[in-house]
Amino acid sequence: MDALERYIREMSTPQGETLAWVERQSWLRTSHGRQVTGPQVGALLRQFVQLLQPRHVLEIGTFSGYATLWMADALPEGGRIDTIEINDEMEDLIREGFERAGLAGRIRLLIGDALDILPTLTDSYELVFIDADKRDYVAYYQSVFDLVAPGGLIVADNVLWDGKVCGEEIPRDQQSRGILAFNDLVAGDDRVENFILPLRDGLNIIRKK
């Protein structure tokens, strides 16, 4: 953690004991701890939930459930998060965090490939958070768009991709190309308004008209 991130944490509302536990366990029990969204993004997602007061939230890419808990804690009475995770080896850690937080009743965990699960969903979502396989961001966006309520938000993480999206050379790896294609698609979509927030690795915040 660099000095700026440490300062931001110190000057912001703390994440709480359970979220700290999930963040720590993500590093200890997986080989991809850096995939945790972190408290800055988590707090922003929580603010979106508080402002929108959504009945239904959709998350594509649960990982350890860290961002899920930030959002679930702010849901209105009767609200629910559907969260999709492809890696079934994460399920025990995810559910343990949900139980520790006392929020399991607000969350429906769906294990499987999001591109298989999304066509089966029938609810309308006021907030969608995308943080899964970057190669499939375009497919996620296209699959979920009709499920988003007018005025709802789609928030996509990692859209600056360590600065690779704005380098002089076009990246050759498929994940970078996936992010580039997604950002291009959103920028040209007249059904939405969007802006990219350079928070951590970049968030594309998209409002459906």
Side-chain angles (χ1 to χ4, degrees), residues 1-112 114 117 121 123 125-133 140 152-158 197 199-203 205:
M1 186 188 306
D2 61 24
L4 179 58
E5 184 173 351
R6 186 177 300 108
Y7 179 80
I8 291 171
R9 284 201 180 203
E10 290 173 354
M11 295 296 108
S12 302
T13 302
Q15 61 184 348
E17 182 178 341
T18 301
L19 284 164
W21 180 88
V22 173
E23 184 178 26
R24 185 167 60 252
Q25 295 302 311
S26 300
W27 286 96
L28 293 174
R29 293 164 59 176
T30 81
S31 58
H32 305 288
R34 70 188 301 269
Q35 290 183 7
V36 172
T37 55
Q40 299 102 309
V41 174
L44 181 61
L45 292 171
R46 177 182 170 84
Q47 293 273 358
F48 285 149
V49 173
Q50 290 173 326
L51 291 169
L52 292 170
Q53 290 290 286
R55 292 283 299 172
H56 298 109
V57 174
L58 175 62
E59 180 181 42
I60 303 173
T62 317
F63 185 48
S64 59
Y66 181 84
T68 323
L69 291 175
W70 274 102
M71 294 186 285
D73 188 53
L75 282 171
E77 186 70 27
R80 189 189 74 219
I81 294 180
D82 290 339
T83 183
I84 304 172
E85 174 55 42
I86 195 170
N87 184 0
D88 60 4
E89 294 182 353
M90 295 298 297
E91 185 171 359
D92 288 347
L93 174 56
I94 292 168
R95 293 196 185 279
E96 187 175 352
F98 292 172
E99 292 293 339
R100 279 176 169 263
L103 295 170
R106 301 183 184 184
I107 305 166
R108 181 170 66 155
L109 175 62
L110 304 169
I111 300 293
I117 292 173
L121 301 178
D123 286 315
Y125 297 94
E126 295 92 348
L127 175 63
V128 176
F129 179 49
I130 302 175
D131 187 15
D133 191 335
Y140 298 146
L153 294 182
I154 301 172
V155 180
D157 200 8
N158 304 116
L197 181 68
L199 178 64
R200 296 194 80 203
D201 202 23
L203 294 170
I205 299 173

- request: Begin with the C-alpha distance, continue with both residues' side-chain angles, and end with the deciding distance and a verdict on side chain to side chain contact (heavy atoms under 4.5 Å, CB included) for Arg29 and Glu96.
  value: CA-CA 13 Å; Arg29 293 164 59 176; Glu96 187 175 352; 3.3 Å; yes

message: Quick test of your reading of the model: are Arg6 and Glu10 salt-bridged, counting only N-O distances below 4.0 Å?
response: no

field: Test salt bridge (charged side-chain N to carboxylate O under 4.0 Å, His left out) applied to Glu59 and Arg80, step by step
entry: CA-CA 11 Å; Glu59 180 181 42; Arg80 189 189 74 219; over 6 Å; no

query: Is any side-chain heavy atom of Phe63 closer than 4.5 Å to a side-chain heavy atom of His32?
result: yes

message: Between Arg34 and Glu23 (salt bridge meaning N to carboxylate O under 4.0 Å), is one present in this structure?
response: no

Shortest non-hydrogen contact between Tyr125 and Val57, atoms and distance: CD2-C, 3.5 Å

Leu93/Gln25 under side chain to side chain contact (heavy atoms under 4.5 Å, CB included): CA gap, chis, key distance, verdict: CA-CA 8 Å; Leu93 174 56; Gln25 295 302 311; 3.8 Å; yes

- prompt: Is the closest side-chain heavy-atom distance between Leu45 and Val49 below 4.5 Å?
  reply: no

query: Does a donor on one side chain sit under 3.5 Å from an acceptor on the other, for Asp133 and Tyr140?
result: no

query: CD of Gln40 to CD of Glu5: how many Å apart, nearest 0.5 Å?
result: 4.5 Å

statement: Scanning both residues in full, the closest heavy-atom pair of Gly97 with Leu69 reads O-CD1, 3.9 Å

Stepwise side chain to side chain contact (heavy atoms under 4.5 Å, CB included) test for Leu121 and Leu110: CA-CA 11 Å; Leu121 301 178; Leu110 304 169; 4.1 Å; yes

- prompt: Hey, does Leu58 have a side-chain heavy atom less than 4.5 Å from the side chain of Phe129?
  reply: no

field: Gap between atom CD1 of Ile111 and atom CD1 of Ile117 - 0.5 Å precision
entry: 8.0 Å

- prompt: When rounded to the nearest 0.5 angstrom, what distance separates CG in Asp157 from CG in Asp201?
  reply: 7.0 Å

- prompt: Does any non-hydrogen side-chain atom of Phe48 lie less than 4.5 Å from one of Val155?
  reply: yes

Inter-residue atom distance Leu199.CG - Ile8.CD1, 0.5 Å rounding: 7.5 Å

message: Given Thr68, which partner from the list Ile81, Leu109, Val22, Asp73 fulfils the side chain to side chain contact (heavy atoms under 4.5 Å, CB included) test?
response: Ile81

field: Student check: side-chain heavy atoms of Arg46 and Met71 closer than 4.5 Å
entry: no

- request: Identify the two heavy atoms, one from Ala20 and one from Gln15, that lie closest to each other, and give their separation to 0.1 Å.
  value: CA-NE2, 3.5 Å

- prompt: Stepwise, does the side chain to side chain contact (heavy atoms under 4.5 Å, CB included) test hold for Trp70 with Leu19?
  reply: CA-CA 8 Å; Trp70 274 102; Leu19 284 164; 3.5 Å; yes

- request: Write down the atom of Ile94, the atom of Gly65, and the distance for their closest heavy-atom approach.
  value: CG1-N, 4.3 Å

message: To check you understand the geometry: which heavy-atom pair defines the closest contact between Gln50 and Ala74, and what is its length?
response: CG-CB, 3.7 Å

- line: Between the OG1 atom in Thr18 and the CD atom in Glu99, the distance rounded to the nearest 0.5 Å is 11.5 Å

field: 4.5 Å side-chain heavy-atom contact, Ile130 and Val128
entry: yes

query: Do we see a donor-acceptor contact under 3.5 Å between the side chains of Gln35 and Tyr66?
result: no

field: Considering all heavy atoms, the nearest Glu77-Arg55 contact
entry: O-NH1, 3.4 Å

- prompt: From Leu44 CG over to Ile205 CD1, what is the distance, rounded to the nearest 0.5 angstrom?
  reply: 5.5 Å

task: State, yes or no, whether a side-chain contact exists between Pro54 and Leu75 at a heavy-atom distance under 4.5 Å.
output: yes

